[in-house]
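Note sheet for the following structure.
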Amino acid sequence: MKLFHYHWWTDKVEEMEAWYRGIGFETRQRIGRANGEMREFNPPLEWDEFRQENVQFRIIEMLQGQVNITFGQGKRDRFDHIGFLVDDLEHDEVLKNAALLGWRIDEGERRTFISTPWRFRVELQRRKEAVRSEAFPSLTRLELNIDRPGRLSALAELLGAEAEDKGGICLIRKGEWEVKLSRGPECGLQSVKVRQPASFRGTDPVGVLITSTI
């Protein structure tokens, strides 16, 4: 099981794409509604070629190494989900755990979404092509604020991971990744750590702090 992905809804889709391209990400696809129909605006098209069409983007997908980031058009910044690459056995085990927890499951042929009690979802992705073959960068840690009640360690039970519950803060670890859940005023992704050879620190347009470890 590999932590590889996160998704936002935002009114800053062009700014998000530009920012992540500036730190080395490649745009894989852009899909949105223009003039009443869904269309692709994928590279090599650039924004100047379609900006006047007022496209409402359903998804913009960006890749670098083992990290996959997506975002879509929204009225405001709203965090949606985190994602894990899994094999078939891991997928089925997590679904069993979700059923025991009583969490909603939306199972698809290529990916499955599980709704948590905290206004974000967990994606299970079985397509290896969702990431590149390069080893770096890779996601090692996500930090999220939780503004609703509920036992934070339940996320560890869902994922078959270890949990260290410190009362208001829960560290969930499995393999090379960690997710930190903290009680906070707003639910959403706060910071991301990636593993890559070069050091980096910056904040993306929706306010997520991105740092690197070697």
Side-chain angles (χ1 to χ4, degrees), residues 1-10 59 66-72 74 77-108 110-128 130-131 137-195 204 206-213:
M1 178 182 291
K2 178 184 289 291
L3 178 63
F4 84 109
H5 172 68
Y6 53 91
H7 177 93
W8 280 86
W9 299 105
T10 179
I59 188 171
Q66 297 292 305
V67 185
N68 177 304
I69 298 168
T70 57
F71 40 91
D77 298 337
R78 180 171 65 84
F79 182 65
D80 190 88
H81 66 264
I82 61 177
F84 296 87
L85 281 174
V86 296
D87 59 27
D88 290 342
L89 179 60
E90 290 169 330
H91 176 272
D92 293 346
E93 286 296 322
V94 174
L95 262 59
K96 290 179 183 178
N97 296 338
L100 290 173
L101 289 165
W103 292 1
R104 178 181 173 182
I105 300 169
D106 183 8
E107 187 172 1
R110 298 188 303 171
R111 58 181 181 169
T112 295
F113 286 98
I114 298 169
S115 298
T116 75
W118 308 299
R119 293 196 296 183
F120 75 89
R121 300 181 296 163
V122 172
E123 176 186 344
L124 304 178
Q125 175 62 257
R126 287 181 281 183
R127 296 183 305 118
K128 293 182 180 179
V131 296
S138 61
L139 285 177
T140 61
R141 179 182 172 101
L142 300 182
E143 298 189 5
L144 297 96
N145 273 359
I146 303 298
D147 65 349
R148 290 189 173 188
R151 186 169 48 86
L152 300 182
S153 60
L155 184 63
E157 295 174 15
L158 174 75
L159 300 171
E162 298 178 357
E164 182 181 350
D165 197 333
K166 300 181 178 180
I169 297 176
C170 187
L171 301 178
I172 297 165
R173 301 185 181 96
K174 188 169 186 175
E176 297 181 348
W177 57 262
E178 177 179 271
V179 175
K180 178 182 178 182
L181 303 180
S182 302
R183 298 293 182 187
E186 295 183 4
C187 180
L189 182 63
Q190 304 299 307
S191 68
V192 171
K193 284 187 179 180
V194 298
R195 180 178 289 113
D204 74 13
V206 296
V208 177
L209 174 64
I210 316 292
T211 59
S212 66
T213 59

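Predicted, not measured: the structure shown is a model, and the values here were computed from it. The figures here come from the full heavy-atom set of this structure, side chains too, leaving out hydrogens, waters and symmetry mates.
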| task | Determine, stepwise, if the pair Arg126 / Asp87 fulfils salt bridge (charged side-chain N to carboxylate O under 4.0 Å, His left out). | result | CA-CA 6 Å; Arg126 287 181 281 183; Asp87 59 27; over 6 Å; no
| CA sep, side-chain torsions, deciding dist, call: Arg121, Asp106, salt bridge (charged side-chain N to carboxylate O under 4.0 Å, His left out) | CA-CA 10 Å; Arg121 300 181 296 163; Asp106 183 8; 5.2 Å; no
| Going through the distances and angles, do Lys193 and Glu143 end up as a salt bridge (charged side-chain N to carboxylate O under 4.0 Å, His left out)? | CA-CA 9 Å; Lys193 284 187 179 180; Glu143 298 189 5; 5.6 Å; no
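Pairing each heavy atom of Lys174 with each of Ala161, the nearest pair is CB-CB, 3.8 Å. Shown here for Leu189 and Trp8, the closest heavy-atom pair between the two residues is O-CZ2, 3.6 Å. Closest approach of Pro137 and Val194 over heavy atoms only: CB-CB, 4.2 Å. Between Ala130 and Gln125, the shortest heavy-atom contact is CB-CG, 3.9 Å.
One distance of note links CE of Met1 with CD of Glu93; it measures 9.5 Å at 0.5 Å rounding. Separation of atoms CD (Gln190) and CG (Leu142) is listed at 11.5 Å; rounding is to 0.5 Å. We find the CD1-CD distance between Ile114 and Glu107 to be 9.0 Å, quoted to the nearest 0.5 Å.
Sorted by first then second residue, the ring-ring contact (aromatic ring centres under 6.0 Å, His included) pairs that include residues 140-178, not counting sequence neighbours, are Phe84-Trp177.
Partners of Glu186 by salt bridge (Lys or Arg N to Asp or Glu O under 4.0 Å), not counting sequence neighbours: none found. For Arg110, there are no salt bridge (Lys or Arg N to Asp or Glu O under 4.0 Å) partners, not counting sequence neighbours.
With no hydrogens or angles considered, no side-chain donor-acceptor pair links Ser138 and Gln66 at under 3.5 Å. A donor-acceptor pair shorter than 3.5 Å can be found between the side chains of Glu123 and His5. Judged by distance alone, the side chains of Asn145 and Ser182 never bring a donor and an acceptor atom under 3.5 Å apart.
Contact of the Asn97 side chain with the Glu157 side chain is not registered, since no non-hydrogen atoms from C-beta on lie closer than 4.5 Å. Counting heavy atoms from C-beta on, the side chains of Glu176 and Thr140 never come closer than 4.5 Å.
Ring centroid separation for the pair Phe113 and His81 comes in under the 6.0 Å cut-off.
Salt bridge status for Arg119 with Asp147: present, with a side-chain N to carboxylate O gap under 4.0 Å.
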